[in-house]
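Before any comments, here is the structure.
Predicted, not measured: the structure shown is a model, and the values here were computed from it.
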Amino acid sequence: MPRHISHSRNESRRIGLVILALVVALVVAGMWWVVSTTAADTSAPTQTSASSISIAAETTVPPTTVPPTTMRPTTAVTNVATGRVDTLDGLVPDYVLPPIVDGLAPVLTKVPTEQKVVFLTIDDGALKRDSDLALLEKNGIKASIFLAHKFIAGDSQFYKKYTAAGHLIENHTMTHNLGFIQLSYEQQKAEICGMADFAEQQYGRRPVFFRPPGGPYTQVTRQAVADCGLKAIVDWEAKANAGGMDYQVGAGLRPGDIVLMHFRPEFPDDLGAFLKAQQAAGLKVVLLEDYLATN
């Protein structure tokens with residue numbers, strides 16, 4: 001073979017090898033570029049997401065300050081019928097106090113209702129302790145307080161603390177005579193009207209309910225109550241006494257029960273017994289005047 005032909009073929013082979021090497025290098029470089037680009041793309045969303053979260057956090061609207069619907073309103077509600085802030089908490093009573101008929105005031109020993117309410121009444125006023133009022137307030141209870149002039153004449157101003165706290169003063173006679181029903185009409189009227197006048201002067205509200213000393217009453221009593229401008233005689237069928245509960249009917253509190261207590265040394269124990277019975281019965285303590293819509 002001519003030498004120049006052999007030399008030409010060798011040159012061609014070298015050129016081919018160089019071209020092949022260049023191609024391989026280009027392919028490798030291309031693969032590296034693809035891998036690098038893919039890796040960069042896959043990391044980008046993470047950076048974008050973090051940035052978005054940061055921006056969202058900066059632009060988030062502050063939470064609303066409106067309380068949930070299950071919370072009680074912070075503003076007190078006024079009863080349209082009484083003009084007072086009351087204890088009904090939206091409850092609509094299903095009983096209306098009967099009117100005076102033939103000059104005789106009606107008598108309540110309990111409120112005839114199926115609603116799960118109970119009423120606390122506290123008598124006399126002989127023992128005056130701030131701690132008793134504090135116990136009532138601690139437990140969120142308002143009571144109707146039947147005071148007798150005999151027990152409060154020396155310090156009637158003390159019970160302004162109760163009226164300021166939302167409790168209401170009612171009528172328990174001037175002298176707390178346990179033989180009250182033996183008195184004449186004029187004597188009973190003097191006892192009832194005299195205490196009504198005194199309470200109105202001292203506490204700025206005339207009582208609407210009367211409780212006879214010991215509980216008994218007659219037609220004469222009913223007439224005297226009506227003639228003194230009161231709306232009803234209020235007795236009871238359940239009593240917190242000596243650290244326990246006494247029931248005239250049944251073995252526990254019932255809806256509409258009017259419970260009797262006294263301002264006595266055992267007041268904390270009596271109140272504890274009442275609260276235990278009230279909670280066991282699932283009843284809400286409501287002020288009697290609120291439920292009966294009396295001013």
Let me check something: do W236 and V118 share a hydrophobic cluster, defined by ILVMFWY side-chain heavy atoms less than 4.5 Å apart, either directly or through other members?
no
Quick check on side chain to side chain contact (heavy atoms under 4.5 Å, CB included): which of V286, V117, L288 does T87 satisfy it with?
V286
Is there a chain of hydrophobic side chains (I, L, V, M, F, W, Y, each step under 4.5 Å between heavy atoms) that links L260 to L147?
no
Min side-chain heavy-atom separation H167-I122 under 4.5 Å
no
Residues, nucleotides or ligands: over 12 heavy atoms within 6.0 Å of Y217 OH:
no
Mind checking the CG-OH spacing from D94 to Y291? Nearest 0.5 Å is all I need.
3.5 Å
From I169 atom CD1 to Y162 atom OH, the distance as rounded to the nearest 0.5 Å
9.0 Å
How many angstroms lie between CD in E266 and CG in N241, if you round to the nearest 0.5 Å?
7.0 Å
T173 vs K150 side-chain heavy atoms within contact, under 4.5 Å
no
Given side chains that start at C-beta, do those of L120 and L136 come closer than 4.5 Å, heavy atoms only?
yes
Which is it for D235 and L108 under the side-chain contact (heavy atoms from CB on, under 4.5 Å) test, yes or no, and what are the steps along the way?
CA-CA 6 Å; D235 270 344; L108 289 178; over 6 Å; no
Before accepting this row, confirm whether a basic side-chain N of the pair E170/K231 lies closer than 4.0 Å to the acidic partner's carboxylate O.
no
Run the salt-bridge test on K128 and D155 with the 4.0 Å N-O cut-off and return the result as yes or no.
no
Suppose clustering is done on Ile, Leu, Val, Met, Phe, Trp and Tyr with side-chain heavy atoms closer than 4.5 Å. Which residues sit in the same group as V249?
none
Quick check on side chain to side chain donor-acceptor pair (under 3.5 Å): which of N171, T175, T221 does E191 satisfy it with?
T175
Between I258 and Y95, is there shared hydrophobic-cluster membership here, with clusters defined by ILVMFWY side-chain heavy atoms closer than 4.5 Å?
yes
Can you establish whether the number of heavy atoms outside K276 located under 6.0 Å from its atom NZ is more than 12?
no
So do the side chains of L135 and L133 get within less than 4.5 Å of each other, counting heavy atoms only?
no
Can you check whether Q223 reaches T218 side chain to side chain, under 4.5 Å on heavy atoms?
no
Begin from the C-alpha positions of V234 and F209 and carry the test side-chain contact (heavy atoms from CB on, under 4.5 Å) through to its verdict.
CA-CA 6 Å; V234 175; F209 296 138; 3.7 Å; yes
NE2-CZ distance between H262 and F151, expressed to the nearest 0.5 angstrom
8.5 Å
What is the ring orientation for H149 with F198, classed by angle as parallel under 30°, tilted 30 to 60°, or perpendicular over 60°?
perpendicular
Compute the ring centroids of F210 and F180, then answer whether they are less than 6.0 Å apart.
yes
Under a 4.0 Å N-O cut-off, is there an ion pair linking D130 with K161?
yes
With a 4.5 Å cut-off on side-chain heavy atoms, are T121 and F146 touching?
yes
Which distance, rounded to the nearest 0.5 Å, do you find between the CG of L275 and the CE of M245?
10.0 Å
Of all residues at least two apart in sequence or in a different chain, which pass the salt bridge (Lys or Arg N to Asp or Glu O under 4.0 Å) check with R206?
D197, E200
To check you understand the geometry: which heavy-atom pair defines the closest contact between L127 and P265, and what is its length?
CD2-N, 3.4 Å
Does any part of the side chain of R205, heavy atoms only, come nearer than 4.5 Å to the side chain of V208, both counted from C-beta?
yes
Considering all heavy atoms, the nearest G252-D257 contact:
O-OD2, 4.2 Å
Any disulfide (SG to SG under 2.5 Å) involving residues 175-205? Give me the pairs, sequence neighbours left out, ordered by first then second residue.
C193-C228
Looking only at non-hydrogen atoms, find the nearest pair between Q278 and L253 and report the distance.
N-CD1, 3.6 Å
Under the side-chain contact (heavy atoms from CB on, under 4.5 Å) criterion, do I152 and M195 qualify, and how do the steps go?
CA-CA 11 Å; I152 68 169; M195 186 57 198; 4.0 Å; yes
Heavy-atom side-chain proximity of V220 to K189 below 4.5 angstrom
no
Between F274 and I141, is the side-chain contact (heavy atoms from CB on, under 4.5 Å) condition met? List the steps.
CA-CA 11 Å; F274 166 70; I141 293 176; 4.1 Å; yes
Heavy atoms of other groups near K110 NZ, more than 12 under 6.0 Å:
yes
Parallel, tilted or perpendicular, as decided by the 30° and 60° cut-offs, for the rings of H176 and H172
perpendicular
Between R254 and L283, the two heavy atoms sitting closest are O-CD1, 3.7 Å
In terms of heavy-atom contacts, P106 and P99 come closest through CD-O, 4.0 Å
Is D102 atom CG crowded by more than 12 heavy atoms from other residues, nucleotides or ligands, each under 6.0 Å away?
no
When rounded to the nearest 0.5 angstrom, what is the spacing between CG in N177 and CD in Q188?
9.5 Å
Would you find a donor on one side and an acceptor on the other, under 3.5 Å apart, between the side chain of Q187 and the backbone of S184?
yes
For D132 and P268, indicate whether the former's side chain and the latter's backbone hold a donor-acceptor pair under 3.5 Å.
no
Using every non-hydrogen atom in the two residues, find where Y247 and A277 come nearest and quote the distance to one decimal.
OH-CB, 3.5 Å
Are I192 and L104 in one and the same hydrophobic cluster, where Ile, Leu, Val, Met, Phe, Trp and Tyr link if side-chain heavy atoms are under 4.5 Å apart?
no
